[in-house]
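A short write-up of the structure that comes next.
Within every chain, numbering begins at 1; the chains are lettered A, B, ... in the order of the sequence lines, protein sequences first and strands thereafter. Heavy-atom basis, side chains included; hydrogens, waters and symmetry copies ignored.
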Protein chains: 2
Amino acid sequence: MSQTFRHPDILKIAQREGKVTVEGLAEHFGVTLQTIRRDLTELAEANKLERVHGGAILPSGTTNIEYDERRNLNQTAKLAMARACAAQIPEGCSVFLNIGTSTEAVARELLHHRDLMVVTNNMNIANILVDNTDCQIIVTGGALRRSDGGLVGNITIDTIRQFKFDIAVIGCSAMDEDGDLLDFDIQEVGVSQTIIAQSRKCFLVADHSKFSRTAPARIASMRALSTVFTDLPLPRELAERCATWGTQIVLVD
Amino acid sequence: MSQTFRHPDILKIAQREGKVTVEGLAEHFGVTLQTIRRDLTELAEANKLERVHGGAILPSGTTNIEYDERRNLNQTAKLAMARACAAQIPEGCSVFLNIGTSTEAVARELLHHRDLMVVTNNMNIANILVDNTDCQIIVTGGALRRSDGGLVGNITIDTIRQFKFDIAVIGCSAMDEDGDLLDFDIQEVGVSQTIIAQSRKCFLVADHSKFSRTAPARIASMRALSTVFTDLPLPRELAERCATWGTQIVLVD
DNA sequence: TCGATTTCGAGCAAAAGCGAACGTAAACGA
DNA sequence: TCGTTTACGTTCGCTTTTGCTCGAAATCGA
């Protein structure tokens with residue numbers, strides 16, 4: 001990783017002006033456009049700047065691109081799963097909605113439910129359900145994770161322990177053939193486990209892409225779930241296990 | 001996904017004005033109408049704006065009219081007070097920011113502070129400071145109040161008790177002549193008291209309109225404050241008391 | 001309701017900007 | 001001293017952006 005003496009200067013100018021142009025910087029430093037382009041490419045790779053045609057701007061921050069993409073992934077399936085899941089959430093009950101794009105889709109489908117008490121550790125969900133005035137929203141505390149608006153950490157777990165939910169809606173990063181729910185993020189696992197422990201029923205919303213993926217941390221067995229909402233049939237072995245455990249599978253589309 | 005210099009600027013203008021016109025932007029940037037149309041289309045596709053004939057507006061929904069009005073009230077004074085307050089918050093410290101439009105203004109002035117740890121019970125502040133990637137954000141739990149994005153209740157207080165802040169920034173509904181801080185909302189009073197108890201220094205941000213108003217619930221004496229940021233001199237008697245207590249008054253504008 | 005006017009979006013060509021490949025020169029280390 | 005590394009400049013296709021034109025759609029006024 002090369003560090004030229006220009007990089008700090010470029011960042012300083014960007015902070016002051018809000019943006020920098022390739023041409024302007026080339027003149028300022030007395031080098032060619034190509035050299036500046038190389039600088040900007042490196043700074044963009046280090047997430048210090050965001051590259052645009054003709055120059056660069058400060059990182060937008062406002063939204064996380066990766067997360068936005070994830071939200072748009074497989075959108076129709078997510079919508080259908082969310083609708084099916086929301087249909088099984090009766091009005092007037094207490095619900096926990098966990099971090100994740102699938103659970104956010106469920107939140108959108110709950111916009112017209114009445115008399116809910118929704119607890120969530122997901123800032124996006126709180127923002128979505130603000131529009132449903134017939135629903136009490138409780139936000140768990142925690143450290144805000146910029147990548148997805150999630151609240152995580154001990155504070156989160158402590159808050160969740162103070163409740164008992166009728167229904168919890170969770171997502172996961174992957175499901176393995178033994179029927180274990182897996183996640184990429186250790187921090188999130190602790191939260192998910194606490195959620196399951198504090199709920200009478202637990203719904204999993206996860207599309208088929210989770211079947212063929214794996215992740216390092218184990219949340220729980222699917223035995224702990226009441227219902228799984230998904231968009232393609234589970235692998236046969238897994239489906240049989242779920243049948244034994246009494247875990248219902250709801251297939252949409 | 002394409003990006004241009006104009007996108008962040010357009011969003012900023014839209015946030016300030018509430019709307020943008022194709023023609024106005026074309027003139028502002030010195031490009032043709034078609035180019036602006038393309039920009040607006042892209043921003044609308046990314047859900048940053050909502051397209052209308054002749055221009056674009058902010059995405060509908062989440063706005064609370066009454067609260068928006070309150071936010072716009074006495075805007076210049078708020079900005080100046082916020083700037084003065086932020087100037088007294090050193091980088092690298094831990095700060096609590098309470099509910100209120102004035103504290104939100106302070107949050108906006110903290111967007112370029114580095115290495116802060118910000119704890120807040122105000123969803124709006126969390127949303128604002130997401131853009132400062134050099135700042136850890138911790139959200140207290142609590143029941144979400146739709147009117148102002150505040151988190152209140154026992155959960156909030158319990159979370160706050162787990163911290164000790166270098167600086168707390170609070171607002172209030174009124175200040176009476178005896179030097180007491182008052183609030184309309186009983187729930188919020190408990191939170192404010194806890195905040196004061198858990199902080200080494202406490203800053204109050206309150207414009208002159210609070211002098212001539214009254215409210216039913218007592219938060220604390222101004223003796224508990226380190227500094228008051230305001231826009232007009234305090235009534236003489238109150239100023240004298242503050243001098244005795246060692247409560248500094250910072251007058252802006 | 002029906003035209004007149006404005007605004008919109010698609011298609012196309014010109015211009016601006018881009019990255020890759022290659023060459024040169026200075027700095028560096030043994 | 002020589003080979004290696006690193007930074008920078010130059011050239012050249014390729015991509016993206018932009019402005020223009022034109023028919024369609026939306027809005028406005030009567």
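- The existence of a salt bridge linking R83(B) and E109(B) is confirmed by a sub-4.0 Å separation between a basic side-chain nitrogen and an acidic carboxylate oxygen.
- The side-chain contact (heavy atoms from CB on, under 4.5 Å) search around P90(A) returns C93(A), I167(A), not counting sequence neighbours.
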Discussion item. As a quick check of understanding, evaluate salt bridge (Lys or Arg N to Asp or Glu O under 4.0 Å) for R6(A) and D9(A), giving each step before the final call.
Written reply: CA-CA 5 Å; R6(A) 288 186 302 274; D9(A) 262 358; over 6 Å; no
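- A 4.5 Å side-chain heavy-atom check between L129(B) and L97(B) finds at least one atom pair inside the cut-off.
- Looking at R145(A) and D185(A), a side-chain N of the basic residue comes within less than 4.0 Å of a carboxylate O on the acidic one, giving a salt bridge.
- Going from atom CG of L40(B) over to atom P of dC8(C) covers 8 Å, rounded to whole Å.
- Dashed line: the shortest gap from a side-chain N or O of R37(B) to OP1 or OP2 of dT6(C) is not under 4.0 Å.
- For dG17(C), neither phosphate oxygen OP1 nor OP2 lies less than 4.0 angstrom from any side-chain nitrogen or oxygen of R51(A).
- Between the CZ atom of F5(A) and the C1' atom of dC8(D) there is a distance of 11 Å, given to the nearest Å.
- For K19(A) and dG17(C), the NZ to C1' distance is 16 Å, given to the nearest whole Å.
- The base of dG19(D) is paired with the side chain of R38(B) by a donor and an acceptor separated by under 3.5 Å.
- Counting heavy atoms of neighbouring residues, nucleotides and ligands inside a 6.0 Å radius, atom CD of Q248(A) does not exceed 12 of them.
- With contacts defined as side-chain heavy-atom distances shorter than 4.5 Å, the pair V95(B)/I89(B) qualifies.
- A salt bridge is absent between K48(B) and E42(B): the closest approach of a Lys/Arg side-chain nitrogen to an acidic carboxylate oxygen does not fall below 4.0 angstrom.
- A residue-by-residue look at G54(A) and V52(B) shows that V52(B) has its nearest nucleotide of DNA chain C further toward the 5' end.
- With values rounded to the nearest 0.5 angstrom, L40(A) atom CG is found 6.0 Å from L25(A) atom CG.
- Going from atom CD of E42(B) over to atom C1' of dC8(C) covers 15 Å, rounded to whole Å.
- Taking the C1' atoms of five terminal pairs at each end of the helix from dT1(C)-dA30(D) to dA30(C)-dT1(D), the two resulting helix axes are inclined by 50°, rounded to 10°.
- A heavy atom lying under 4.0 Å from DNA chain D marks the following residues of residues 22-36 of chain B, by number: V31(B), T32(B), Q34(B), T35(B).
- The listed nucleotides are dG9(C), dT17(D), dA26(D); the one nearest the side chain of H53(B) is dA26(D).
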